[in-house]
Amino acid sequence: MMMSLFLPLLLVSVLFMNSFSEVRGRKWKGEGTTQNLESIAIGRCYDYIRIVNPAVGEKNCSEIWEAFKSAFINKDPCSILPEDYELFINLSLHTIPANKSLFWENNQLLVNSFADRGRRYMSVGDTLFGFFGDFLNWCGQANSSGLDYESCPTTMECETNAVDSFWRMASITYAKHSSGEIHVLLNGSAVGGAYPQPSFFADYEIPNLQKDKISQVVIWVVDDIEGPDLDSCGIHSVKTLETRLKTLGYNVTCTDNYKSVVFLLCLDYPDNSKCALPSF
Amino acid sequence: MPFQQSSTRARQRTVLLVGIVLLLAALVLAVVLASLLTHGKHEDSPKMLKWKDRGTTKNLQEVILGRCYNYITERYPELGDKDCLKIWESLKDAFIYKNPCNITAEDYQPLMDLASHHIPCNKSLFWSKTNDLVHRYTKSNQNFLTLEDTLLGYMADKISWCGDPSAPGINYESCPKRSECESNPSSVFWKMASKMFAEAACGVVQVMLNGSIEAGAFRSSSIFGSIEVFNLNPDKVSEVHIWLMHDIGGPQSESCSGHSIQRLKNILEERNFKIICEDNYRPVQLLQCVHNPDHTDCRLCTNSTAVP
């Protein structure tokens with residue numbers, strides 16, 4: 001009987017030790033660097049300048065990759081600042097056409113669809129610098145020239161990590177180079193408010209808008225088709241946003257459930273009463 | 001006399017110097033002329049064939065590799081076993097250094113074998129003359145896959161390539177149009193990929209056709225009409241759903257009861273497929289309304305704001 005207990009006990013303790021050592025092996029709580037990051041990023045850069053938006057002209061994508069890497073390679077992954085991406089931004093910057101900027105919070109996939117890869121609007125993810133890093137993850141390590149594919153710090157572990165600082169820099173740059181009529185798409189069903197604070201929009205984009213280049217700020221607050229109507233124009237967090245922008249001196253308009261966006265949301269709920277079209 | 005001797009020497013030296021200078025000048029002139037001529041030759045590239053369509057996309061390798069890795073990393077991690085470098089090499093080998101009017105299916109077979117993957121049933125979405133709309137739809141609704149949403153199509157979409165027998169083997173200046181020769185790298189690729197896409201389909205398949213074009217929604221000369229329809233496997237595919245879309249505010253040249261749709265139905269029924277046709281499939285029409293929100297066809301019935 002002792003023998004029959006011994007083997008299962010041994011197995012369990014070996015498994016426990018394995019999983020324990022695995023946990024100890026991971027430095028950080030977040031996912032590691034995306035596999036094949038270099039090929040993906042350089043490929044995206046060329047894809048952008050050759051196919052997506054050839055209007056930006058010739059760019060040296062290898063140089064851009066090196067500048068990107070230099071922001072976080074061989075450094076403590078919790079010590080990366082937005083300014084570390086300055087060279088990367090300088091090399092990948094291009095004009096953002098007037099009236100095409102689309103800011104957003106809590107609706108990334110919707111914005112991707114609505115912007116239509118820069119044809120209708122150009123969100124930050126439709127610029128070369130944003131396209132470069134969208135949906136990817138990365139970090140380096142101190143005293144090593146390699147990327148960490150095992151784990152990367154989450155925002156909770158440290159705010160000054162490679163990815164968050166990248167998007168801060170990208171947001172600052174995007175706001176600085178936006179002009180004409182700018183648009184903001186907010187989620188009226190988001191818990192915590194359609195205009196969240198803190199957020200990229202509140203802390204890095206609004207403060208970097210160039211007032212003399214912007215003719216109007218158009219706010220759209222759209223509820224999820226099956227979601228609650230928690231926030232709308234003129235109330236709660238949206239009112240806070242409108243007041244802030246008006247105080248800063250911007251012309252502001254706000255629309256609830258802008259039809260074009262509602263139609264897009266309706267794709268997944270064609271039979272919902274909100275999506276009923278006249279019968280033909 | 002010594003003065004006379006030195007002046008003779010000086011004259012000799014002068015002559016020598018002038019001779020050397022003239023020689024150097026001639027040499028420089030020869031080098032300049034030679035480089036101009038060869039430079040001119042490079043620019044003309046008289047050996048590379050000239051065609052009417054745009055040339056190979058620059059940085060083709062980087063774009064293809066990046067798209068391949070992006071696809072398997074971001075979109076379909078289940079395809080983690082795909083070797084993107086091998087896939088790129090097999091694409092390159094299909095056309096490099098070859099006359100771009102002599103491309104065959106065999107040239108692409110290794111690529112097709114490496115890059116093809118399983119397509120879940122009921123998700124295949126074919127299309128004809130609805131390129132823009134169908135891809136905006138699959139981008140917003142991941143329930144359906146067009147050929148351009150599979151690895152092969154994703155890599156090749158909006159890209160062009162062709163080879164040439166002379167170095168460097170890839171023609172970046174121009175590539176043959178279909179009218180110049182049918183067996184060009186692009187046409188052969190898309191025909192093969194379309195055939196395989198149709199063969200891989202199972203369950204219920206969908207096709208988005210354009211009911212606003214005069215030439216008819218279903219054309220036998222299209223890739224759908226000439227290749228895909230005939231490569232659907234009746235043992236795997238149970239039904240074909242036709243979505244016949246009209247442009248918002250556009251002409252209703254054809255509907256589900258139209259002639260070309262009837263022809264399509266006949267072809268499919270002969271091959272034992274069940275057919276359902278729907279005019280203006282609702283979810284896709286909603287997508288069209290994104291661009292025409294104020295059109296009368298896009299009035300939302302529950303719209304509480306006043307209609308102008």
Side-chain angles (χ1 to χ4, degrees), chain A residues 33-52 54 58-62 65 109-110 112-117 119-120 131-132 134-137 225 255-280, chain B residues 56-75 77 80 84-85 88 132 135-143 155 157-160 246 252 255 279-305:
Chain A
T33 301
T34 307
Q35 290 294 328
N36 305 113
L37 182 73
E38 179 171 351
S39 297
I40 293 176
I42 294 183
R44 281 182 181 190
C45 179
Y46 282 119
D47 204 332
Y48 192 90
I49 67 176
R50 302 282 175 236
I51 314 282
V52 174
E58 198 59 34
K59 295 279 185 197
N60 186 335
C61 290
S62 304
W65 163 254
L109 296 178
L110 177 62
N112 264 2
S113 292
F114 191 55
D116 197 11
R117 192 43 87 227
R119 287 190 297 179
R120 207 169 142 76
F131 188 73
F132 192 88
D134 222 4
F135 299 110
L136 300 177
N137 200 48
I225 293 296
T255 307
D256 284 310
N257 293 315
Y258 175 47
K259 267 200 291 190
S260 281
V261 180
V262 171
F263 279 126
L264 197 51
L265 288 170
C266 281
L267 251 61
D268 290 329
Y269 304 94
D271 299 321
N272 189 293
S273 57
K274 286 187 191 170
C275 303
L277 289 173
S279 49
F280 27 82
Chain B
T56 301
T57 305
K58 285 192 195 148
N59 302 106
L60 181 71
Q61 176 174 350
E62 288 90 339
V63 175
I64 295 285
L65 268 179
R67 282 182 176 191
C68 183
Y69 286 122
N70 198 67
Y71 190 90
I72 65 181
T73 306
E74 207 204 306
R75 306 238 311 198
C84 289
L85 275 168
W88 157 248
D132 203 48
H135 294 113
R136 278 195 287 132
Y137 184 60
T138 58
K139 186 164 172 205
S140 309
N141 184 327
Q142 317 267 294
N143 281 330
M155 287 190 298
D157 199 22
K158 299 185 177 66
I159 305 260
S160 64
H246 298 113
Q252 305 217 346
S255 65
D279 285 302
N280 294 308
Y281 176 62
R282 173 63 59 82
V284 179
Q285 190 180 37
L286 287 163
L287 183 61
Q288 289 175 301
C289 286
V290 172
H291 282 235
N292 298 276
D294 298 319
H295 195 276
T296 41
D297 290 348
C298 295
R299 273 173 294 127
L300 283 168
C301 284
T302 55
N303 193 0
S304 55
T305 60

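Chain letters run A, B, ... following the sequence lines, proteins first, then strands; residues in each count from 1.
A distance of 14.0 Å separates CZ of F135(A) from OG1 of T73(B), quoted to the nearest 0.5 Å. Residue S160(B) holds its OG atom at 7.5 Å from CD1 of I51(A), rounded to the nearest 0.5 Å. Note: L85(B) CG to S39(A) OG = 7.0 Å, rounded to the nearest 0.5 Å. Atom CZ of R44(A) is separated from atom OH of Y69(B) by 15.0 Å, given to the nearest 0.5 angstrom. Rounded to the nearest 0.5 angstrom, D271(A) CG and R282(B) CZ are separated by 7.5 Å. We find the CZ-CZ distance between R120(A) and R136(B) to be 8.5 Å, quoted to the nearest 0.5 Å.
Among T34(A), N257(A), L37(A), D116(A), the residue with the largest count of heavy-atom pairs under 4.5 Å with chain B is D116(A). Chain B forms the most heavy-atom pairs under 4.5 Å with one residue out of P270(A), G43(A), S260(A), and that residue is S260(A).
We find that D294(B) and K259(A) are joined by a salt bridge, their nearest charged nitrogen and carboxylate oxygen being less than 4.0 Å apart.
Residues F263(A) and V290(B) approach most closely at CB-CG2, 3.6 Å, considering heavy atoms. When all heavy atoms of K58(B) and R50(A) are compared, the pair lying nearest together is CB-NE, 3.3 Å. The two residues L267(A) and L287(B) make their nearest non-hydrogen contact at CD1-N, 3.7 Å. Nearest heavy-atom pair, D297(B) versus L277(A), reported as atom, atom and distance to 0.1 Å: O-CD2, 4.0 Å.
Both the backbone and the side chain of D47(A) come within contact range of chain B, each with at least one heavy atom under 4.5 Å from a heavy atom of that chain. For V261(A), no part lies under 4.5 angstrom from a heavy atom of chain B. If you measure heavy-atom distances from Y269(A) to chain B, you find no contacts under 4.5 Å at all. With a 4.5 angstrom heavy-atom cutoff, T57(B) touches chain A only via side-chain atoms.
At least one side-chain heavy atom of D132(B) sits under 4.5 Å from a side-chain heavy atom of R119(A).
Considering I72(B), N70(B), L65(B) as possible partners of I40(A), the one that fulfils the side-chain contact (heavy atoms from CB on, under 4.5 Å) test is N70(B).
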